[in-house]
Amino acid sequence: MAESARRGRTRGGGGAARRAERTAVSFETARYIERNIPNFEVLNEEALEIIERNAETILEEVGVNFPDNPEALQKWRDAGADVQGERVHIPRGLARKLCATAPSTFTQHARNPARNVEVGGRNLVLAPVYGPPFVRDAAGGRRYATMADFNKFVKLAYMSKWLHHSGGTVCEPTDIPVNKRHLDMLHAHMTLSDKPFMGSVTEPSRAQDSVDMCGLLFGEDFVQANTVMTSLININSPMTFDEVMMGALKVYAENNQACIISPFIVGGAMAPTTVAGTLTQVLAETLAGVAYSQLCRAGAPIVMGAFVTSIDMNSGAPTFGTPEASHITYGAGQLARRMGLPYRSAGSFCGSKLPDAQAAYETANSLNMGLLAGVNFMLHSCGWLEGGLVSSFEKFVMDADQLGALHHFAKGVDMGENGQAMDAIREVGPGGHYLGCAHTQANFKSAFWKSDLLDYKPFETWEDEGARDTTQLASLRVEKLLGEYQQPPMDEAIRESLDAFVARKKAEVPDSFM
């Protein structure tokens with residue numbers, strides 16, 4: 001489902017009307033992707049069974065740690081696990097049995113129902129970059145992120161046609177105290193956009209604040225009956241589930257809100273150097289994490305995650321867009337489908353310091369593998385730079401533009417009467433051309449995906465316009481989108497209640513930057 005609103009549209013006919021339509025402000029958002037292409041699978045049945053068997057062996061013999069969390073340890077004891085200190089040994093089959101209560105698909109509701117997303121199945125939901133402490137733009141270079149930067153990214157995500165989701169910590173606003181910035185970030189997502197968004201996970205009380213603010217936005221009863229947030233719970237690989245993340249997970253699960261259970265792995269540092277070994281660890285960790293979510297509340301919506309990169313063995317820096325990362329992403333998708341769980345992975349990953357050719361190559365590899373791997377929720381789908389340390393304004397719009405190509409590719413091949421185009425072939429015949437034929441005239445507006453950013457002009461025109469490269473064009477597009485931004489309407493009573501909640505919570509505790 002798509003919706004649009006336009007302003008400044010000129011009445012008239014012919015070329016004037018078409019020019020007005022092309023320049024009108026558009027807030028159209030594409031519906032989440034529904035794949036009509038097959039998933040790419042790299043593992044055969046024997047390989048999948050070996051990985052599944054080895055993952056169960058890890059859970060039973062090696063175990064996983066739940067440090068500083070006596071409540072979690074007791075839940076595992078009650079479920080039948082062997083708990084030794086803070087190490088939980090999970091009998092073969094127990095984790096998979098607990099995971100069976102997690103739904104295979106769920107709806108995340110937006111405050112604008114037209115922007116609701118379905119997570120799971122053949123669907124792909126695209127969300128922006130998450131977590132960088134730095135931002136970069138052409139004018140100011142690399143710098144610590146501020147709340148003003150955060151607000152701009154939320155607006156850009158709202159204005160971006162191919163993004164279905166507002167995301168979460170699109171950058172870390174370092175000018176706001178650590179213990180209060182989650183309130184400002186949530187307020188921005190709720191008021192500056194009407195797309196779905198993510199909650200805070202940096203402390204269990206902040207997760208509860210997220211739930212409480214959603215109660216004001218959607219109504220408390222609606223929140224308890226429906227999923228309105230999808231939040232990121234990282235596993236401290238290898239095989240450690242820290243109490244902060246598990247505390248946030250517990251809050252969300254008990255309130256029927258979705259969590260992405262995701263190992264954070266740099267291969268060779270946090271997991272073995274081999275693809276099969278890393279996949280085994282990923283599966284063991286996600287089995288334990290998803291199972292624990294179901295101990296908190298059976299039926300809580302969950303996404304199985306896999307954030308995996310390789311490593312430069314000379315410098316120790318993470319690398320992106322590599323063949324090994326692709327193998328793991330494809331394989332983890334197969335494992336997630338066998339578990340019947342939605343799958344999160346991939347993104348606009350790159351290690352480059354600038355939105356340059358390296359960034360483009362690595363990002364293209366990473367985005368395409370996500371589409372073909374059957375990913376259902378793609379965090380970091382635009383804006384990622386410098387190994388996730390930087391949210392780039394220019395790269396945000398460059399990546400967001402390319403997400404349109406994913407939408408178009410995922411449609412698959414039209415084999416209907418129009419797609420077969422036999423009438424066009426008969427009309428043109430040998431030696432003719434198709435530019436003026438009826439089929440072309442009927443299809444030219446929608447026949448090919450076209451970038452809203454990249455330059456296709458002849459050399460002379462490009463040179464006359466300043467010989468601008470893609471980064472310069474992206475800077476202009478950032479400026480254009482922010483200049484055209486219009487805040488989505490909100491009930492004034494809801495806005496006032498959110499404002500009051502944020503002000504009260506901030507006043508209750510002193511500022512802390514730790």
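Numbers here are sequence positions counted from 1. Heavy-atom basis, side chains included; hydrogens, waters and symmetry copies ignored.
The side-chain heavy atoms of R96 and E52, taken from C-beta on, include a pair separated by under 4.5 Å. By the 4.5 Å heavy-atom criterion applied to side chains, M190 and C214 are counted as neighbours. Inter-residue side-chain proximity for I265 and T278 is flagged as met; some heavy-atom pair is nearer than 4.5 Å. Side-chain contact between Y158 and K155 is absent, with no heavy atoms from C-beta onward closer than 4.5 Å. In this structure the side chain of V201 reaches within 4.5 angstrom of the side chain of M245, judged on heavy atoms. You'll find the side chain of P204 stays beyond 4.5 Å of the side chain of E243, heavy atoms only. For the pair M369 and F40, the minimum side-chain heavy-atom distance is 4.5 Å or more. A 4.5 Å side-chain heavy-atom check between L481 and K152 finds every atom pair outside the cut-off.
Remark: aromatic rings of F396 and W384 are distant, center separation not under 6.0 Å. The aromatic ring centres of F307 and F349 sit less than 6.0 Å apart. Taking the six-membered ring for Trp and the full ring otherwise, the centers of Y343 and F377 sit at least 6.0 Å from each other. Taking the six-membered ring for Trp and the full ring otherwise, the centers of H165 and F197 sit at least 6.0 Å from each other.
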Item to check | Residues R122, E34; criterion side chain to side chain contact (heavy atoms under 4.5 Å, CB included); working and verdict | outcome: CA-CA 6 Å; R122 304 281 306 164; E34 298 173 272; 5.8 Å; no
Checklist entry - Are Q257 and T227 close enough, and set up right, to give a side chain to side chain donor-acceptor pair (under 3.5 Å), and what steps lead you there? => result CA-CA 5 Å; Q257 302 308 304; T227 298; 5.0 Å; no
Checklist entry - Hey, mind stepping through H187 and F150 against ring-ring contact (aromatic ring centres under 6.0 Å, His included) and telling me if it holds? => result CA-CA 11 Å; H187 188 274; F150 186 95; over 10 Å; no
Item to check | Trace of the salt bridge (Lys or Arg N to Asp or Glu O under 4.0 Å) decision for E394 with R477 | outcome: CA-CA 8 Å; E394 282 79 17; R477 183 157 179 80; over 6 Å; no
Next on the checklist: Run V282 and I235 through side chain to side chain contact (heavy atoms under 4.5 Å, CB included) and show every step you take.
Outcome noted: CA-CA 10 Å; V282 166; I235 297 167; over 6 Å; no
Item to check | From CA spacing to verdict: salt bridge (Lys or Arg N to Asp or Glu O under 4.0 Å), R136, E386 | outcome: CA-CA 10 Å; R136 174 181 283 278; E386 200 179 320; 5.1 Å; no
Item to check | Criterion side chain to side chain donor-acceptor pair (under 3.5 Å) on R495 and T191, from CA distance to verdict | outcome: CA-CA 8 Å; R495 184 187 302 277; T191 60; 4.8 Å; no
Checklist entry - Would K161 and D452 count as a salt bridge (Lys or Arg N to Asp or Glu O under 4.0 Å) if you check the C-alpha gap in whole Å, the side-chain angles of each, and the deciding distance to 0.1 Å? => result CA-CA 10 Å; K161 176 178 180 178; D452 290 325; over 6 Å; no
Checklist entry - Taking it one step at a time, do E172 and F134 satisfy side chain to side chain contact (heavy atoms under 4.5 Å, CB included)? => result CA-CA 7 Å; E172 191 77 37; F134 299 100; over 6 Å; no
Checklist entry - Passes side chain to side chain contact (heavy atoms under 4.5 Å, CB included), S262 versus L232? Steps please. => result CA-CA 7 Å; S262 192; L232 178 63; 4.0 Å; yes
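D401 and S451 share a side-chain donor-acceptor pair at under 3.5 Å. For the residue pair Q224/E220, the side-chain donor-acceptor check at 3.5 Å is not satisfied. Between the side chains of S512 and N179, no donor N or O sits under 3.5 Å from an acceptor N or O. A donor-acceptor pair shorter than 3.5 Å cannot be found between the side chains of E324 and S310. S166 and H189 form a side-chain donor-acceptor contact under 3.5 Å, judged by distance and modelled atom types alone.
Enclosure of atom CG in D511 by more than 12 non-hydrogen atoms of other residues, nucleotides or ligands within 6.0 angstrom is indicated. At most 12 non-hydrogen atoms from other residues, nucleotides or ligands lie less than 6.0 angstrom from OH of Y144. Heavy atoms of other residues, nucleotides or ligands lying less than 6.0 angstrom from CD of E479 number 12 at most. Environment of CD in Q487: crowded, with over 12 heavy atoms of neighbouring residues, nucleotides or ligands closer than 6.0 Å. The local environment of OH in Y361 is sparse, with at most 12 non-hydrogen atoms from other residues, nucleotides or ligands closer than 6.0 Å.
No option in L249, T101, V119 other than L249 meets the side chain to side chain contact (heavy atoms under 4.5 Å, CB included) test with I302. Each of D212, D184, D209 was checked for a salt bridge (charged side-chain N to carboxylate O under 4.0 Å, His left out) with K505, and the lone residue meeting it is D209.
Between the K180 side chain and the V509 main chain, a donor and an acceptor come within less than 3.5 Å of each other. Looking at T169, its side chain never comes within 3.5 Å of a backbone N or O of G131 through a donor-acceptor pair. No side-chain donor-acceptor contact under 3.5 Å links E41 to the backbone of L43. A distance-only check finds a donor-acceptor pair linking the side chain of Q294 to the backbone of G299 [under 3.5 Å]. Side-chain atoms of Y130 never come within 3.5 Å of backbone atoms of C171 as a donor-acceptor pair (strictly under, hydrogens ignored). Within the 3.5 Å criterion, the main-chain N or O of V170 finds a donor-acceptor partner in the side chain of S391. S352 contributes a side-chain N or O that, together with a main-chain N or O of L354, makes up a donor-acceptor pair within less than 3.5 Å. The backbone N or O of A145 lies less than 3.5 Å from a partner atom in the side chain of T174, making a donor-acceptor pair.
Across all their heavy atoms, S381 and L367 have their closest contact at O-CD2, 3.8 Å. The two atoms that bring T29 and R115 nearest to each other are OG1-NH1, 2.6 Å, heavy atoms only.
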In residues 403-412, what donor-acceptor pairs under 3.5 Å come from side-chain atoms, sequence neighbours left out?
residue : atom : partner : partner atom : Å
H407    : ND1  : L403    : O            : 3.0
H407    : NE2  : H164    : NE2          : 2.9

